[in-house]
Amino acid sequence: KNSPSPKDEESGYNKNLFCIPKHYEEDLETVFIPHGLILDRTERLARDIMQDMGSHHIVALCVLKGGYKFFADLLDHIKALNRNGDKSVPITVDFVIIKSYCNGSPTEKISIVGEELSTLNGKDIIETGRTMKALLSKLKDNEPKMVKVVSLLVKRTHRSPSYRPDYTGFEIPDKFVVGYALDYNEYFRDLNVSTYMSI
């Protein structure tokens with residue numbers, strides 16, 4: 001189901017229909033997921049998470065830098081549900097950085113930089129990001145009660161490990177995307193939309 005076919009293409013939207021900063025126009029092909037669609041999907045993910053998590057204390061762990069926009073929007077929706085829903089759960093926030101990509105290609109070494117992960121002992125965790133295998137292995141050392149992974153994007157590619165996140169925003173073709181905090185050499189994080197890049 002998740003293997004890409006030779007015609008696994010989604011053309012997206014004409015970039016001229018959106019407000020793209022002039023300094024990025026030549027580098028981008030099309031807008032893949034508009035900002036409003038991202039926000040609407042993120043709101044639904046927040047509802048699903050709150051329904052599944054019960055009344056457990058949640059440690060929301062953001063993978064920087066690529067996850068920060070999705071993480072912030074997801075937390076905003078969860079906080080709104082906490083204020084306006086029938087139940088509410090305590091939430092604490094932490095951050096880690098996973099270095100695994102350089103110039104658009106996977107590097108051989110993965111390093112994890114973050115707060116004391118031992119503080120996660122016995123807690124439920126919502127995890128947001130792209131490079132999970134190394135982080136999940138590290139988290140297990142601290143014996144959290146439950147770990148749930150949320151990812152805005154999952155690529156349909158034969159190179160992916162068999163691991164799948166617990167919650168997925170969108171499945172996309174095996175193309176390089178930037179925007180909504182995802183970068184290419186630190187550029188394009190400031191786009192509010194997810195776009196295909198011409199590389």
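All of these numbers come straight from a predicted model, not from anything done at the bench.
Side-chain N or O atoms of Lys15 include one that pairs as donor or acceptor with a backbone N or O of Leu28 at under 3.5 Å. Counting only distance, with no hydrogens or angles, the side chain of Asn84 and the backbone of Ala80 share a donor-acceptor pair below 3.5 Å. Side-chain atoms of Ser151 come within 3.5 Å of backbone atoms of Leu153 as a donor-acceptor pair (strictly under, hydrogens ignored). No donor-acceptor pair under 3.5 Å is formed between the side chain of Lys155 and the backbone N or O of Glu171. Remark: side-chain polar atoms of Arg41 are paired, donor with acceptor, to backbone N or O of Thr168 under 3.5 angstrom. Between the side chain of Tyr24 and the backbone N or O of Phe188 there is at least one donor-acceptor pair closer than 3.5 Å.
In this structure, the side chains of His57 and Thr92 come closer than 4.5 Å at one or more pairs of heavy atoms. The closest side-chain heavy-atom distance from Phe95 to Phe71 is below 4.5 Å. Inter-residue side-chain proximity for Val89 and Met50 is flagged as met; some heavy-atom pair is nearer than 4.5 Å. Between Val154 and Phe170 the shortest side-chain heavy-atom distance does not fall below 4.5 Å. Counting only heavy atoms from C-beta outward, the side chains of Ile58 and Pro90 never approach each other to under 4.5 Å. Using a 4.5 Å heavy-atom cutoff, the side chains of Val96 and Leu64 are not in contact. Val150 is listed as a side-chain neighbour of Ile49, based on a closest heavy-atom distance under 4.5 Å. At least one side-chain heavy atom of Ile78 sits under 4.5 Å from a side-chain heavy atom of Ile91.
Atom CG of Leu191 is separated from atom SG of Cys19 by 11.5 Å, given to the nearest 0.5 angstrom. Residue Asp183 holds its CG atom at 10.5 Å from CG of Asp190, rounded to the nearest 0.5 Å. With rounding to the nearest 0.5 angstrom, the CG atom of Leu45 is 10.0 Å from the CG atom of Asp40. Taken from CG in Leu152 to CG in Leu74, the straight-line distance is 9.5 Å, to the nearest 0.5 Å. Here the straight-line distance linking atom OG1 of Thr42 with atom NE2 of His35 works out to 8.0 Å at 0.5 Å rounding. Atom NE2 of His77 is separated from atom CZ of Arg47 by 10.5 Å, given to the nearest 0.5 angstrom.
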Full working for salt bridge (Lys or Arg N to Asp or Glu O under 4.0 Å) between Glu143 and Lys140 = CA-CA 5 Å; Glu143 300 179 0; Lys140 285 179 185 175; over 6 Å; no
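Between Phe70 and Tyr180, the ring planes are tilted. Angles from 30° to 60° get that label.
Annotation for Ala181 and Lys69: closest pair CB-CG, 3.6 Å, computed over non-hydrogen atoms.
Put simply, the residue from Leu139, Val149, Val93 that forms a side chain to side chain contact (heavy atoms under 4.5 Å, CB included) with Leu61 is Leu139.
If you check the side chains of Tyr68 and Asp73, you find no donor sitting under 3.5 Å from an acceptor. If you check the side chains of Tyr184 and Asp27, you find no donor sitting under 3.5 Å from an acceptor.
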